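Since the structure comes first, as structure tokens, the remarks are kept for the end.
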Amino acid sequence: MYTAHPDRYAEMPYRRTGRSGLKLPALSLGLWHNFGPDRPVQTQRAILRRAFDLGVTHFDLANNYGPPPGAAETTLGAALRTDFAHHRDELVISTKAGYLMWSGPYGEWGSRKHVLSSLDQSLTRMGLEYVDVFYSHRPDPRTPLEETMGALHTAVQQGKALYVGLSNYSAQQTRDAAGILGELGTPLLIHQPRYSMLDRRPESEGLLDTLDDLQVGSIVYSPLEQGLLTGRYLDGIPEDSRAASDSPFLDSDAVTEDLVGRLRALHEIAGSRGQTLAQLALAWVLRGGRVTSALVGASSARQLEDSVGAIRNLDFEKEELERIDAALGG
């Protein structure tokens, strides 16, 4: 029988999401990888339990997370029925619709048919009556934005979602979507972009500025750049790493000599701050408060603990930021 740690809220900072009343932990747990049938159930349960004990109250999913697609939601559903049966109101649970889930013309993208059917399937897999945040996972170039946003609005009206969000939308698409949602009476809560030291497009393409202007929150994924910023690649490509596998998310060709040199320079900066490289990378995306929360994955409870250690030092001196930019070649 799992008993939650009594001091689970003692250290984790919680940040208000945009102009809403919802607060998210500075670090949230993403179930993108490591929560399918290829991983031991006990390991998965240990990660979820340890996350909650450390104050990580937000579990982020999507309909297609696993593998196979849907498996992560099923895994969480089992944990909700056992370990977290009495903690639902302490948790923020999010899911998404937009990527391929079933055969035929309605199995992906942003039609009203796909979005609402997908949400019903997600709720069934998790055994929930509602999710806290429901996202459009990607913009659909062939479906009117009004239709996709209208489906998100309907999910809220039906009581199947409390808030709505976007992921992978450009700055202008986000502005347009927020306008439509505002007119419908369901404000845009949050945007989930990819953002890290090695991928600063939300800055250069104006997305973070747009979110500031709209007073919309942000939760970033891949802040550790698929493991490149964990310190595993300081001496090249480990045999058991993602880059050494056939993973579609990180190619071995990306681990160049130049990149390894930059990672080593960042590792040195992290050491001067008393942090691991992963902790530095997480603190960096959270710097200044522009990002509400950073999503971290974990293959073990110990790895999660290292990530959560980033909250002990989220402040940067100007000189440190300059050293980081220089290390990155900026």
Side-chain angles (χ1 to χ4, degrees), residues 13-28 30 58 60 62 92 94 96-98 110 115 132-141 143-157 161-223 281-295 314-316 318 321-322 324-325 328 330:
Y14 297 88
R15 298 178 169 189
R16 190 170 298 278
T17 310
R19 59 176 178 168
S20 78
L22 182 68
K23 293 182 179 180
L24 292 180
L27 294 177
S28 298
H58 178 209
D60 179 78
V92 172
S94 60
K96 312 174 190 73
V115 170
D132 297 277
V133 187
F134 183 45
Y135 289 87
S136 171
H137 207 164
R138 59 174 173 171
D140 184 345
T143 296
L145 191 58
E146 290 82 359
E147 180 174 340
T148 305
M149 295 306 104
L152 296 183
H153 171 67
T154 295
V156 173
Q157 294 299 105
L162 301 185
Y163 302 93
V164 300
L166 307 174
S167 184
N168 301 308
Y169 279 59
S170 71
Q172 187 57 55
Q173 289 169 332
T174 299
R175 190 175 292 278
D176 293 342
I180 295 168
L181 287 168
E183 292 177 359
L184 292 171
T186 297
L188 176 62
L189 173 80
I190 196 166
H191 191 292
Q192 187 175 134
R194 181 170 183 152
Y195 183 46
S196 74
M197 285 178 164
L198 300 177
D199 186 350
R200 300 176 68 163
R201 285 176 294 174
E203 295 175 18
S204 62
E205 296 176 0
L207 178 61
L208 292 183
D209 290 336
T210 296
L211 298 180
D212 287 344
D213 185 45
L214 295 172
Q215 294 183 279
V216 168
S218 60
I219 180 167
V220 301
Y221 72 90
S222 292
L282 292 169
W284 185 87
V285 297
L286 292 167
R287 73 197 187 285
R290 297 188 82 186
V291 168
T292 311
S293 183
L295 281 166
L314 296 177
D315 297 323
F316 287 86
K318 180 181 178 182
L321 293 174
E322 290 173 349
I324 290 170
D325 285 342
L328 293 170

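From a predicted model like this one, the values you see are computed outputs, not experimental measurements. Throughout, numbering of the chain's residues begins at 1 and tracks the sequence. In what follows, every heavy atom counts, from backbone to side chain, and hydrogens, waters and symmetry copies are set aside.
In this structure, R175 contributes its side chain and Q172 its backbone to no donor-acceptor pair below 3.5 Å. Although no hydrogens or angles enter the test, the distance criterion places a donor-acceptor pair under 3.5 Å between the side chain of S167 and the main chain of Q192. In terms of modelled atom types and a separation under 3.5 Å, the side chain of R138 and the main chain of G98 share a donor-acceptor contact. Judged by distance alone, the side chain of S28 and the main-chain N or O of A294 form no donor-acceptor pair under 3.5 Å.
Within the model, atoms CE of M197 and CG of D325 stand 9.0 Å from one another, a figure rounded to the nearest 0.5 Å. Note that CG of L27 and CG of L314 are 7.5 Å apart. Values are rounded to the nearest 0.5 Å. In this structure, CE in M149 is found 11.0 Å from OG1 in T186, a value given to the nearest 0.5 Å. Taken to the nearest 0.5 Å, the CG atom of L189 stands 7.0 Å off from the CG atom of L24. Taking CG from L22 and CG from L162, the interatomic distance works out to 8.5 Å, rounded to the nearest 0.5 Å.
Minimum interatomic distance between T174 and H191 (heavy atoms only, all atoms of both residues): OG1-CD2, 3.2 Å. The heavy-atom pair separating P193 from P202 by the smallest distance is CB-CG, 4.2 Å. When all heavy atoms of L328 and R200 are compared, the closest pair comes out as CD1-NH1, 4.0 Å. Residues K23 and Y14 approach most closely at CB-CB, 4.1 Å, considering heavy atoms. Between T17 and G217, the shortest heavy-atom contact is CG2-CA, 3.9 Å. Shown here for H153 and L184, the closest heavy-atom pair between the two residues is CE1-O, 3.1 Å.
Side-chain contact, S136 with T148: no donor N or O sits under 3.5 Å from an acceptor N or O.
Sparse packing is recorded around CZ of R19, with 12 or fewer heavy atoms of other residues, nucleotides or ligands lying under 6.0 Å away.
Put simply, the side chain of Y195 does not reach to within 4.5 Å of the side chain of L207, judged on heavy atoms.
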N168 and Y221: CA distance, side-chain angles, deciding distance, side chain to side chain donor-acceptor pair (under 3.5 Å) verdict: CA-CA 10 Å; N168 301 308; Y221 72 90; 2.7 Å; yes

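Across L282, L208, D199, V291, a single residue satisfies side-chain contact (heavy atoms from CB on, under 4.5 Å) together with V220, and that is V291. A side-chain contact (heavy atoms from CB on, under 4.5 Å) with L211 is found for one member of I190, V216, L188, T292 and no other, namely V216.
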